[in-house]
Amino acid sequence: MQGLMMKTQLMISSILRHAERNFPTREIVSVTADNPRHRYTYKDFAKRTRQLANALESMGVEFGDRIGTLAWNDYRHLELYYGISGTGMVCHMINPKLFPEQVNYIINHAEDKILFVDVLVMPLVESLQSHLKSVEKIVVLTDKDHMPQTTLDNVICYEDLLAQFDDNYQWPEFDENSAAGMCYTSGTTGNPKGVVYSHRSTILHAYAGSLPDTTNASCKSVTMPIVPMFHVNAWGIPYAGVMVGSKLVMPGPKMADGETLQSLIENEGVTLSSGVPTIWMALLEYLDKTGKKVPTLSAVTSGGAACPRGIIERFKNDYQTEVKQGWGMTEMSPLGTVFTLSPGMENLTDEEDTELRLKQGKSVFGVEMKIVDEENNELPWDGVAFGALKVKGPWIATGYYGMSQTPGDADCPVDTDGWMNTGDVATIDPQGYLQITDRTKDVIKSGGEWISSIDIENAAASHPQIAEAAAIGRYHPKWTERPLLVVVLAENAELSRDDVIEYLKDRMHKWSLPEDVVFAKELPHTATGKLNKLALRDTFKDYEFPSK
Ligand code: AMP
């Protein structure tokens, strides 16, 4: 027997229609290269997106064609998210911070037909122009007055383009499993791989992303996604935030600028925000330096990399802002887990509360998790056993664009058991709290035991005089590998190797203590703000531990 319910297709355009009807006067505030504070309403947003849909259809592109965007978090990028997917084309967000040869590879691999490019990214696109094989037109995201001089052919001004079209447009309904968006992984090895999101996966992810125990975003929230729209859908906030009618505050190219972030939070009344730990460090540093506050900011979600204890404590103690850690991946749209306090945990001590927040949280409904040993046997959720983390669910990739979709194949992320191997190593405790202990390839394998590099880094980063720390495995004649800790000291700090080891002694097993500590001015990061351990291992490839 079948259920007797309508088979309405889950379409991204339906979010826009709903928002325009129900929240017409809600504001979207953006920082752009041509306007430090652009503001308009959801009604304006919906109208301009229909104009964009007409413009796209006039440009000779077809259903399923990939349209590239190289842009920051602002209203024009938001129009592209909805306009491109809504017309049945694929919104291919491209990270302009990747190496130019990676950007070149990604555009050619996806065969993007049109590129929508922020003014500030034009020099990058100009440098690639002779290599871009599929691109027919380039639209610059600005108005006539701010159009840059360019050596590129077939360049169109976005505002001029929109002005040519009216807003009479009916959003089409088609198969909800059609591709809607695309994002290439920014892995440190091999070529980037294309993850393809569908309308259905995006809508289900948006529902999950706004649940009370996820972000609790609603029409009363003022949400500022600092996580970029050029990487994994800005964690889905451009969909979830619009779905529930939040006021959106978009920091544009000023994502890492503490002064702009603080001013947006204070002046626009931002209540929720999300970003990677490096962004929070930049904001906290600015607040500490200036004495300014973020009184409306009730919660921030930190993800993309392990959140250092200092960020959780400083936000809580100095600014009364709750830090919720989340974990996910490009292949997971990206939402996997988010921190929430379980019932019965209301009376935790400050220390217990912080310890729990250092874990990556609990899975949101829609994501199933398991941890397995090297023979793929499932391990218990006891908070001790750690193994390879596998996931499955309706917003998790079955394969990469143009690569094998057959589970078990080397270039398919899904194993023969139908679960996707995340490449992370984790424990899960009896309450369901996930703790990422490492990337599979970063685990330090010492004398047959696994040592978590993240545990060492977290312990080191809790020292007030340590700004950042990274642990890598280096060759050891007796134990095969031992941990080497690379430390960046805070300003004016003076610590010796022995001081650091002494500090760590109280915080970890003797076996996991770094074999040696070296100091560096800075650590290498990837374009998405993660520690680049591959580069670090390369820097220390000839390093030898001192003989004792
Ligand atoms: P990406 O696909 O570039 O977003 O990277 C996903 C990877 O980032 C995950 O597989 C994890 O290794 C790492 N990651 C994401 N969030 C966290 C977190 N909260 N703590 C530790 N690692 C994280």
Side-chain angles (χ1 to χ4, degrees), residues 93-95 97-98 102 106 181-197 205 214 225 227-237 274-280 300-309 311-312 323-340 356-364 367 369 371 386 388-391 395-397 400 413 419-428 433-443 452-458 461 468-471 525-534:
M93 63 208 97
I94 306 164
N95 184 345
K97 293 188 178 170
L98 294 173
Q102 287 179 312
I106 287 173
M182 199 170 183
C183 178
Y184 278 68
T185 57
S186 52
T188 41
T189 47
N191 279 324
K193 292 176 288 221
V195 178
V196 184
Y197 311 107
H205 184 268
T214 312
V227 45
M229 287 175 74
F230 54 68
H231 186 58
V232 219
N233 316 304
W235 298 352
I237 297 160
S274 40
V276 294
T278 39
I279 295 292
W280 304 130
V300 299
T301 308
S302 180
C307 183
R309 173 184 285 264
I311 291 181
I312 299 171
V323 176
K324 294 166 139 209
Q325 186 159 186
W327 163 87
M329 304 177 72
T330 309
E331 289 86 341
M332 298 174 68
S333 302
L335 192 54
T337 60
V338 181
F339 173 84
T340 185
L356 200 61
R357 283 170 201 275
L358 285 169
K359 297 188 174 190
Q360 276 69 19
K362 292 157 83 107
S363 62
V364 295
V367 175
M369 309 191 294
I371 42 173
F386 60 96
L389 175 62
K390 292 185 158 191
V391 289
W395 55 80
I396 294 170
Y400 298 107
W419 291 68
M420 191 187 84
N421 195 339
T422 63
D424 285 329
V425 179
T427 62
I428 308 177
Y433 288 97
L434 174 78
Q435 180 154 30
I436 301 289
T437 54
D438 238 319
R439 290 292 293 163
T440 316
K441 56 187 187 312
D442 293 339
V443 155
S452 157
S453 64
I454 293 184
D455 276 357
I456 307 177
E457 287 156 11
N458 281 344
E468 206 179 4
H525 290 94
T526 66
T528 48
K530 296 181 207 304
L531 271 175
N532 188 343
K533 295 249 178 114
L534 196 72

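Only heavy atoms go into these numbers, but all of them, side chains included; no hydrogens, no water, no symmetry mates. As the structure lists them, so they are numbered: ligands from 1, and atoms in each ligand from 1.
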*For ligand 1, list the protein residues that place a heavy atom within a distance below 4.0 Å of one of its atoms, sorted by chain and number.*
S186, H231, G304, A305, A306, Q325, G326, W327, G328, M329, T330, Q360, D424, R439, K530

*Can you check side-chain contact (heavy atoms from CB on, under 4.5 Å) on R309 and N458, steps first, answer last?*
CA-CA 7 Å; R309 173 184 285 264; N458 281 344; over 6 Å; no

_Testing T427, V425, L389 one by one against I436 for a side-chain contact (heavy atoms from CB on, under 4.5 Å), which residue passes?_
L389

*Excluding sequence neighbours, so at least two apart, what forms side chain to side chain contact (heavy atoms under 4.5 Å, CB included) with P228?*
N73, F230, H231, M255

*Go through the steps for M369 and T337 under the test side-chain contact (heavy atoms from CB on, under 4.5 Å), then give the verdict.*
CA-CA 10 Å; M369 309 191 294; T337 60; 3.7 Å; yes

_Backbone N/O of G423 and side chain of T440: donor-acceptor pair under 3.5 Å_ = yes

*asked:* For the backbone of T437 and the side chain of D455, can you confirm whether one donor and one acceptor N or O come within less than 3.5 Å of each other?
replied: no

